[in-house]
Amino acid sequence: METSTWKQLEAIMEAYALDTNGGPEVLRRVTIADPVPGAGEVLVRIAYAGVNYAEAEHRRGVFGPAEGWEVPGLEASGQIAAIGSGVEGFRIGQPVAAYLPRFGGYAELVAVAAPFVLPLPQQFDLTAAGGFGCVAPTAYGVVSAAARVSAGDTVLIHAAAGGVGSLAVQIARALGASRLIGTVGDPAKVSYAQRLGYDLVLPRAGFAAEVLDATGGRGVDVVLDPVGGPVREESLTLLAPFGRLVAFGDAAAAPDVELPMLSLWKNNRTAGGYNIGDLARRAPELWRAHALTVLDLVAKGVVRIDVAEVVPWDRVRDVHKRLDAGSTTGKIVLHVADL
Ligand SMILES: NC(=O)c1ccc[n+]([C@@H]2O[C@H](COP(=O)([O-])OP(=O)(O)OC[C@H]3O[C@@H](n4cnc5c(N)ncnc54)[C@H](OP(=O)(O)O)[C@@H]3O)[C@@H](O)[C@H]2O)c1
C-alpha cells in the first residue's frame with residue numbers, strides 16, 4: 001500500500017514536534033493523528049509555515065515545559081481542508097493565511113479557530129502568506145496600536161533586519177514616520193536592513209550615542225524593542241518628550257529593567273508593551289482588524305512581506321540553530337507541501 005493512501009485511511013499526518021525542551025535536536029519528525037476541527041474551527045492543509053523567534057523560545061521551554069508532543073509554529077498558509085460546525089464564509093480548497101495561537105504550524109494539517117484565518121486575495125501567493133499570520137499583525141499592532149506612530153515621528157527599531165523588523169519599518173513609513181533608524185546585532189545585516197527602507201541602520205553596539213548624534217541630541221519619538229535588558233535601558237534614555245517605548249520581546253533573555261518613572265512622567269513619556277498571544281485571547285477582533293489592515297496595505301503595494309528564505313521543512317532544525325544564534329536575516333518560511 002502506498003504511504004499516501006495508507007495515511008489517508010489512518011488519518012495521520014507528519015509533523016515536527018517536541019516532547020521535551022532543549023536545543024534544535026528536540027524537534028523530531030513524528031507521525032500523529034490528523035487534527036479534527038472543532039466547533040468554530042477550520043482545518044488548514046499547510047503549504048508554508050513561517051518560522052518565528054518565539055518558536056525557538058517555545059522549544060527551549062521559555063513559555064513553560066512541554067506537555068506531551070507539541071507541534072510548534074505560530075503561522076502558516078495553505079488551503080481549507082475541512083470546516084467545523086458553526087463556521088461560515090469558508091470553502092474547501094480556499095487559500096488562506098492563519099495565525100496559530102495554539103501553535104501547530106510545523107505540520108501537514110492544523111485546526112485553528114476561524115477568526116484567526118484569513119481568506120487570501122488572488123494576488124497573494126502562499127509563500128508570503130506563510131510568513132504573515134503572526135508577524136504582520138504583530139508589526140502593525142506594535143507600530144500602530146501600541147506605539148501610536150504618526151506623521152513626522154522618528155522611530156528607532158531594534159532587530160531591524162528580522163521578521164517583525166522588516167515589516168515594522170514599512171508600516172511605520174506608511175503611517176507617516178519621517179525618519180526610521182534601525183539597529184542590528186551583526187554588521188553583516190546592515191545592507192539587508194537598508195534595502196527595507198530604513199534611513200539609517202546602525203550596529204547595536206554603541207547605538208545610543210550614534211542615535212543621539214544622528215538626531216542632534218533630541219532622541220526619538222518611538223522605540224520598538226524586542227531585545228530587552230541593557231538595550232531597553234539605553235533606549236529609554238533616547239526618548240524625546242512625548243516619546244513612546246514599546247517592549248514586545250526579550251530576545252536577549254536579560255533580567256527585566258526598572259522603569260525610570262520620574263523621567264517618564266515629567267516629560268510625558270510612555271513605556272508600554274504588546275503581546276499577540278494575550279491580544280488574541282482577549283480581543284481576537286483586534287488581531288483580525290490589524291491583520292486585515294496589513295493585508296490591504298500589501299494588496300495596495302504599500303507593504304511587502306519580504307520572504308528572505310524558503311527552506312524545506314526537513315531543515316527546520318538548522319533554522320532553529322540559526323535562530324538561537326541570532327544569525328537569521330529577514331523572514332524565513334518552511335516549505336511543507338506543494339498544494
Ligand atoms: N510580543 C509579541 O506579540 C511578539 C510577536 C512576534 C515576535 N515577537 C518578538 O519580536 C522579535 C522578533 O521576532 P521574529 O520572529 O521576527 O524574529 P527575528 O527578528 O527574525 O529574529 C530574532 C532577532 O533577535 C535579535 N536578537 C537579539 N538578541 C538576541 C539573542 N540573544 N539571541 C538571538 N537573537 C537575538 C537578532 O537580531 P539582531 O542580529 O539584529 O540582534 C535576531 O535575528 C522577537 O524577540 C520575538 O520574540 C513578539
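We count ligands from 1, going down the list as the structure has it; atoms in each ligand are counted the same way. Sequential numbering from 1 along the given sequence is applied to the chain's residues.
- Remark: R29 engages E14 in a salt bridge, criterion side-chain N to carboxylate O under 4.0 Å.
- Between D324 and R60 there is a salt bridge, with a side-chain nitrogen of the basic residue lying less than 4.0 Å from a carboxylate oxygen of the acidic one.
- Salt-bridge check for R45 with D34: failed, with every basic side-chain N at 4.0 Å or more from each acidic carboxylate O.
- Contact check on D318 versus R315 returns a salt bridge, with a Lys/Arg side-chain nitrogen under 4.0 Å from an Asp/Glu carboxylate oxygen.
- With salt bridges taken as basic N to acidic carboxylate O contacts below 4.0 Å, one links K331 and E75.
- Counting only residues at least two apart or on different chains, the side-chain hydrogen bond (donor to acceptor under 3.5 Å, both in side chains) pairs with a member in residues 232-248 are D153-R244, H158-S235, D225-R232, R232-D250.
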For each nitrogen or oxygen atom of ligand 1, which protein N/O atoms lie closer than 3.5 Å, and how far apart are they, rounded to 0.1 Å?
{"unit_1": "ligand 1", "atom_1": "1 (N)", "unit_2": "F248", "atom_2": "O", "d": "2.8"}
{"unit_1": "ligand 1", "atom_1": "1 (N)", "unit_2": "Y274", "atom_2": "O", "d": "2.9"}
{"unit_1": "ligand 1", "atom_1": "3 (O)", "unit_2": "I276", "atom_2": "N", "d": "2.6"}
{"unit_1": "ligand 1", "atom_1": "15 (O)", "unit_2": "Y53", "atom_2": "N", "d": "2.8"}
{"unit_1": "ligand 1", "atom_1": "16 (O)", "unit_2": "G163", "atom_2": "N", "d": "3.2"}
{"unit_1": "ligand 1", "atom_1": "16 (O)", "unit_2": "V164", "atom_2": "N", "d": "2.8"}
{"unit_1": "ligand 1", "atom_1": "20 (O)", "unit_2": "G163", "atom_2": "N", "d": "2.9"}
{"unit_1": "ligand 1", "atom_1": "31 (N)", "unit_2": "A251", "atom_2": "O", "d": "3.2"}
{"unit_1": "ligand 1", "atom_1": "32 (N)", "unit_2": "Y53", "atom_2": "OH", "d": "3.4"}
{"unit_1": "ligand 1", "atom_1": "37 (O)", "unit_2": "K189", "atom_2": "NZ", "d": "3.4"}
{"unit_1": "ligand 1", "atom_1": "39 (O)", "unit_2": "G185", "atom_2": "N", "d": "3.2"}
{"unit_1": "ligand 1", "atom_1": "39 (O)", "unit_2": "K189", "atom_2": "NZ", "d": "2.6"}
{"unit_1": "ligand 1", "atom_1": "40 (O)", "unit_2": "G185", "atom_2": "N", "d": "2.9"}
{"unit_1": "ligand 1", "atom_1": "40 (O)", "unit_2": "R204", "atom_2": "NH2", "d": "2.9"}
{"unit_1": "ligand 1", "atom_1": "41 (O)", "unit_2": "G185", "atom_2": "N", "d": "3.4"}
{"unit_1": "ligand 1", "atom_1": "41 (O)", "unit_2": "R204", "atom_2": "NH1", "d": "2.7"}
{"unit_1": "ligand 1", "atom_1": "41 (O)", "unit_2": "R204", "atom_2": "NH2", "d": "3.1"}
{"unit_1": "ligand 1", "atom_1": "43 (O)", "unit_2": "K189", "atom_2": "NZ", "d": "3.1"}
{"unit_1": "ligand 1", "atom_1": "45 (O)", "unit_2": "P226", "atom_2": "O", "d": "3.2"}

